[in-house]
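Remember, predicted model here, so these are calculated numbers, not experimental data. By convention in this document, chain letters (A, B, ...) are assigned in the order of the sequence lines, proteins followed by strands, and residues within each chain are numbered from 1.
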Amino acid sequence: MRVIAHLKGLLIYYRMQIKEILGLTAAQQAITVKGWVRTKRNSAAVAFIAINDGSTINNIQAVVNEGSIPEETLKLVTTGACIAVHGLLIPSQGQGQSVEIQVNSIEIYGLADPEKYPLQPKKHSLEFLREIGHLRPRTNTFSAILRIRHALAFAINTYFNDHGFFYLHTPIITGSDAEGAGEMFRVTTLPAINPPLTEDGKVDYKEDFFGKETNLTVSGQLEGELGALALSKIYTFGPTFRAENSNTTRHLAEFWMVEPEMAFFELTDNMNLAEDFTKFLIKYALDHCADDIAFLEKRLLDEEKMKKKEEQSELTLSEKLKFVTENTFKRLTYTEAIDILLQSKAHKQGKFNYPVAWGIDLQSEHERYLVEKHFKKPVILTHYPKEIKAFYMKQEVDGKTVRAMDVLFPGIGEIIGGSQREDDYEKLLQRTKEVGIEEESIWWYLQTRQFGSAPHSGFGLGFERLVLFVTGMSNIRDVIPFPRTPKTAEF
RNA sequence: UCCUUCUUAGCUCAGUUGGUUAGAGCACAUGACUGUUAAUCAUGGGGUCCUUGGUUCAAGCCCAAGAGAGGGAGCCA
């Protein structure tokens, strides 16, 4: 204990976080806990209050003996109320915990009317919790997810820092949609009604704040490449926006993306990094969030019991995570993958909804087959046909494929998409023209290939998809504090 | 955006071929209980059956439109 003092017979209490307290051996220490009431159990002579302050999944038990607290005060201690408890940390007489607080006094910070407070000590559906996004961080499940999310974010910075990468802050507002990665959110200060028009009746963006059309970024990659071609190894980690009308368990309109970009890395180096990086992140979570993962694992097991036998997962959450950290990812080319699909029973029996042939973009069902049925481990697919991949990917000598790579995980599909970048000016210019990108809009990008061009590679990791995998949750809206999806931006 | 399922108490749900006063569990309130573990036991309160319109003697139930949500697909991370 850091501060315990007796002043004229009064105990001075020192506030500690519950995570810290639960690691102590009790020794009649004066202590203060502040947090939110999870449950209160009354009996004639004693009341038990379970308090959580979010520092850990575990609660601390405060024990109120009859007469030590005015009954009117104890009545205000209801599920959801915020209180401070002052008392002595003592060994617990009960079974469920090693230490508990013998309460001397209680301060009420915030009431929670039990008739109105929506979070009751019972199971709630995830759909219902989404409707009360302002309160759901107070639940066990979401606090566990948010702590894991934090740990993974911290691990990302740790990994890159330890490997000589620099954190590059790429812009959120961009003036080009060079990647053509779908619909963008427009950024403007022009009035929505009667904006200034050009002579031919279109909105005159010369009058706008930036003097041109601007949008929220869909990727920091192009700017990331500029950084890599100066600092050798950089990464970006920030919010990304897609205005696509996607309503799935794997898409958000606002999500966080990790994008490393490395000079002098070829495709194989890129794959090695992607594999080592994801394994590190998962291992970090296993090492640092054991309590939270154990809680989510138990939650998942309870949920699995409700399902039919054939739909139940063979592995528990921690087994699934260790399976990734302990296995080598299967690497194969797109062409090899197509061959496997063509020879699969599923294809021969016509079980795929979409046809399989060289040149198609693989559908979810195809990816799932490869990852979950055929290899049963994470898969890295490389060398896709150039027609189905972005313009900036390095063309292979065969003239047909590009040095792309997608990392596919069980359950969530594509978690990483990356490539070696085209570093040949002429080839890149030709590709931009073929795809229909205006040269003037990305002159600065093209110029990097004219001045000191270098072989380089990079990839994008969807952060929420990683959190989805590590927490074992099934809907991406449940792994970000305040999800943004079509028609939803309440909190 | 397409396909599909759903919307009944604070929450999770049941509700028979359309028929009297719409039910359960949990939660909540009150009481009991000498240490509980989302305690237990007893009692009690709690409803715009998503909205609008229609069919019918009669609609939670049938029909139409709309709104919202879930799952799948596409797009992708």
Side-chain angles (χ1 to χ4, degrees), chain A residues 37-50 52 58-66 75 78-80 90-97 100 102 112-132 139-140 179-183 218-221 239-259 302 306 352-354 361-365 367-368 388-390 406-409 412-418 459-469 474-480 485-488 490:
Chain A
V37 176
R38 283 293 163 79
T39 61
K40 184 177 72 173
R41 291 179 292 275
N42 272 326
S43 64
V46 64
F48 302 93
I49 307 167
N52 188 281
N58 300 305
N59 302 328
I60 195 155
Q61 173 161 285
V63 184
V64 181
N65 289 307
E66 196 184 10
K75 260 193 164 170
T78 57
T79 298
I90 57 169
S92 178
Q93 295 173 36
Q95 288 299 308
Q97 58 284 315
E100 64 190 16
Q102 195 176 62
D113 182 347
E115 293 282 1
K116 291 175 185 159
Y117 186 62
L119 286 173
Q120 301 138 357
K122 58 162 282 182
K123 258 213 163 86
H124 291 291
S125 69
L126 295 170
E127 290 82 8
F128 173 64
L129 294 176
R130 269 172 228 151
E131 290 170 15
I132 51 168
T139 62
N140 287 332
E179 202 188 350
E183 293 295 307
V218 293
S219 163
Q221 183 202 313
T240 310
F241 308 87
R242 305 270 165 96
E244 239 115 67
N245 192 9
S246 296
N247 293 288
T248 80
T249 53
R250 303 181 309 284
H251 290 86
L252 291 164
E254 176 181 309
F255 64 101
W256 285 62
M257 190 147 65
V258 183
E259 292 175 293
D302 290 345
M306 314 287 280
F352 288 134
N353 292 319
Y354 289 85
D361 206 351
L362 293 177
Q363 304 294 318
S364 297
E365 58 177 354
E367 295 179 349
R368 291 188 91 116
I388 60 173
K389 285 292 180 184
D406 283 2
V407 180
L408 310 177
F409 265 36
I412 50 179
E414 187 181 341
I415 192 168
I416 283 177
F459 61 80
L461 168 79
F463 184 56
E464 281 75 18
R465 290 193 181 170
L466 176 74
V467 182
L468 207 51
F469 185 75
S474 48
N475 193 314
I476 202 162
R477 290 160 212 175
D478 297 330
V479 298
I480 187 167
T485 53
K487 301 252 165 33
T488 309
E490 183 71 21

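With sequence neighbours left out, the salt bridge (Lys or Arg N to Asp or Glu O under 4.0 Å) criterion links Arg368(A) to Glu372(A). Under the salt bridge (Lys or Arg N to Asp or Glu O under 4.0 Å) criterion, Asp406(A) pairs with Lys389(A), sequence neighbours left out. Under the side-chain contact (heavy atoms from CB on, under 4.5 Å) criterion, Pro91(A) pairs with Ala26(A), not counting sequence neighbours. For Pro121(A), the side-chain contact (heavy atoms from CB on, under 4.5 Å) partners are Thr39(A), Thr79(A), not counting sequence neighbours. For Glu100(A), there are no salt bridge (Lys or Arg N to Asp or Glu O under 4.0 Å) partners, not counting sequence neighbours. Scored by the salt bridge (Lys or Arg N to Asp or Glu O under 4.0 Å) test, Arg38(A) finds no partners at all (sequence neighbours excluded). Partners of Lys122(A) according to the side-chain contact (heavy atoms from CB on, under 4.5 Å) rule, which considers only residues two or more places apart in sequence or in another chain, are Gln120(A), His124(A). Residues forming a ring pair (Phe, Tyr, Trp, His ring centres under 6.0 Å) with Phe459(A) (at least two apart in sequence, or on another chain): none. For Gln363(A), the side-chain contact (heavy atoms from CB on, under 4.5 Å) criterion is met by Tyr354(A), Glu365(A), His366(A), not counting sequence neighbours.
Across all strands, Ser43(A) comes closer than 4.0 Å to base atoms (heavy-atom distances). Asn58(A) comes within 4.0 angstrom of nothing in the nucleic acid, heavy atoms only. At the heavy-atom level, Thr249(A) lies under 4.0 Å from the strands shown only through sugar-phosphate atoms. Among the heavy atoms of the strands lying under 4.0 Å from Thr488(A) are primed sugar atoms or P, OP1, OP2 only; no base atom is included. Here Asn247(A) lies in heavy-atom contact (under 4.0 Å) with a base. Base contact: Gln97(A) has a heavy atom under 4.0 Å from a base atom. Here Glu100(A) lies in heavy-atom contact (under 4.0 Å) with a base. Gln363(A) comes within contact range of the sugar-phosphate backbone alone, with a heavy-atom separation under 4.0 Å but no base atom that close.
Taking a pair as Watson-Crick or G-U wobble with both distances under 3.5 Å, RNA chain B forms stems of 3 or more consecutive pairs at B:1-7 with B:67-73, B:10-13 with B:23-26, B:28-32 with B:40-44, B:50-54 with B:62-66.
Closest-nucleotide positions on RNA chain B for Phe463(A) and Asn245(A) were compared, and the one nearer the 5' end corresponds to Asn245(A). Mapped onto RNA chain B by nearest heavy atom, His251(A) and Pro486(A) fall at different nucleotides, with Pro486(A) at the one closer to the 5' end.
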Produce the list of close N/O pairs, under 3.5 Å, pairing protein atoms with atoms of nucleotides 9-15 of chain B; give distances to one decimal.
{"from": "G10(B)", "atom 1": "N2", "to": "Gln120(A)", "atom 2": "OE1", "distance (Å)": "3.2"}
{"from": "G10(B)", "atom 1": "N3", "to": "Gln120(A)", "atom 2": "NE2", "distance (Å)": "3.4"}
{"from": "C11(B)", "atom 1": "O2", "to": "Lys122(A)", "atom 2": "NZ", "distance (Å)": "2.4"}
{"from": "U12(B)", "atom 1": "OP1", "to": "Ser125(A)", "atom 2": "OG", "distance (Å)": "2.8"}

In 5'-to-3' order, the base (B), backbone-only (S) or no-contact (-) status of each nucleotide in nucleotides 47-52 of chain B, using a 4.0 angstrom heavy-atom cut-off, is ------

